[in-house]
Amino acid sequence: MRLILVGPPGAGKGTQAVHLAAHFNIPHISTGDIFRANLKSGSELGLLARSYMDKGDLVPDSVTNEMVKDRLNQEDVANGFLLDGYPRNVLQAEVLRAILAEKQTPLDAVLELSIGDAEIISRISGRRTCRNCGTSFHVINEKPTVEGVCNKCGGELYQREDDKEDVVKRRLEVYAEQTRPIIAFYRGEGLLISIRAMGDVFEISQRSIAALSAVIS
Ligand code: AMP
């Protein structure tokens, strides 16, 4: 299964990605997570990415495309992958198509998670993320057992800098202007599956798995 997850910030891509990657036994590749790991370790890539991430802008394509190309050349993607947060614009989609064509491993599906604007704001403003393992929680919808502490690894939960209101507004603009066009791009390629990502997290996963399983069977 070679799969892309697409949707606005707050659609639940990270949460669904964990379920889908486990179900299909494929690595979950999140470009946002890779950038955040680099930010945490203070690498050159992290320093470069920070200036864009803090404003809610996209990291330049040349940097992001190279990073993804390297990741897709690693051994664990031989049986598939789930890309979360990439591609983020049509140019990245075209670069990805070329990378996969060269490897003769085309995409199987692009899963779009769609939600309304009001829901986006409520999800993002309540989101808390583990500083250590990156797992997301929500102050109302998906509370950790102990406030401020990650259920999975005991790490500290924090609000991502780019989940604060003014940055979220910019991220939504960037999504509408740059990322949304890839939905039409993939619809044109006959790869798009759209799922309404409202309601129970488990139920959304089940619907996604059923739709994706139909594609690869
Ligand atoms: P995410 O965790 O997917 O919301 O990504 C957080 C931030 O990382 C984004 O707002 C961008 O600044 C950067 N980023 C993640 N993926 C990409 C990408 N494919 N292209 C450019 N920037 C990205």
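Order of appearance sets the numbers: ligands from 1, and atoms from 1 within every ligand. Excluded from the calculations below are hydrogen atoms, water molecules and symmetry mates; all remaining heavy atoms, backbone and side chain alike, are included.
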Next on the checklist: Pair K169, D166 - check salt bridge (Lys or Arg N to Asp or Glu O under 4.0 Å), show working.
Outcome noted: CA-CA 5 Å; K169 282 196 187 131; D166 50 336; over 6 Å; no
With heavy atoms of [X] as the reference, note each atom of ligand 1 found under 4.0 Å away.
| X | result |
| --- | --- |
| D162 | 6 (C) |
| R171 | 4 (O) |
| T64 | 18 (C), 19 (N), 20 (N), 21 (C) |
| Y86 | 19 (N) |

Polar atom proximity, [X] to ligand 1 (N or O, under 3.5 Å):
| X | value |
| --- | --- |
| Y52 | no |
| T31 | yes |
| P87 | no |
| D33 | no |

Next on the checklist: Set out, in order, the CA-CA distance, both residues' side-chain angles and the distance that settles side chain to side chain donor-acceptor pair (under 3.5 Å) for K103 and N73, then state yes or no.
Outcome noted: CA-CA 9 Å; K103 293 155 74 81; N73 276 329; 3.3 Å; yes
Checklist entry - Does any N or O in the side chain of S136 come within less than 3.5 Å of the main-chain N or O of T129, such that one atom is a donor and the other an acceptor? => result no
Tell me, do [X] and [Y] make a side-chain contact under 4.5 Å, heavy atoms counted?
| X | Y | answer |
| --- | --- | --- |
| L72 | L96 | yes |
| L45 | V63 | yes |
| I193 | E112 | no |

How far is [atom] from its nearest protein heavy atom, and which residue and atom name does that atom have?
| atom | value |
| --- | --- |
| atom 8 (O) of ligand 1 | M53 CE, 3.5 Å |
| atom 23 (C) of ligand 1 | F35 CE1, 3.7 Å |
| atom 20 (N) of ligand 1 | Q92 NE2, 3.0 Å |
| atom 19 (N) of ligand 1 | G85 O, 2.9 Å |
| atom 11 (C) of ligand 1 | D57 O, 3.5 Å |
| atom 18 (C) of ligand 1 | R88 CG, 3.3 Å |

Checklist entry - Backbone, side chain, both or neither: what part of V59 comes under 4.0 angstrom of ligand 1, heavy atoms only? => result both
Next on the checklist: Residue-level breakdown please: for R50 versus ligand 1, do any non-hydrogen atoms fall below 4.0 Å on the side chain, on the backbone, on both, or on neither?
Outcome noted: neither
Checklist entry - Linking I/L/V/M/F/W/Y whenever any side-chain heavy atoms sit under 4.5 Å apart, do V215 and I204 land together? => result yes
Next on the checklist: If we only consider heavy atoms of R160, is any one of them less than 4.0 Å away from an atom in ligand 1?
Outcome noted: yes
Next on the checklist: Check for me whether R36 has a heavy atom closer than 4.0 Å to any atom of ligand 1.
Outcome noted: yes
Checklist entry - Distance only, no hydrogens: is a donor on one side chain within 3.5 Å (strictly under) of an acceptor on the other, for N25 and N79? => result no
Checklist entry - Among side-chain atoms of S208 and Q16, is any donor-acceptor pair under 3.5 angstrom? => result no
Checklist entry - What distance do L39 atom CG and M53 atom CE have between them, rounded to the nearest 0.5 Å? => result 5.5 Å
Item to check | Cation-pi check, R131 onto Y158 ring (under 6.0 Å, within 45° of axis) | outcome: yes
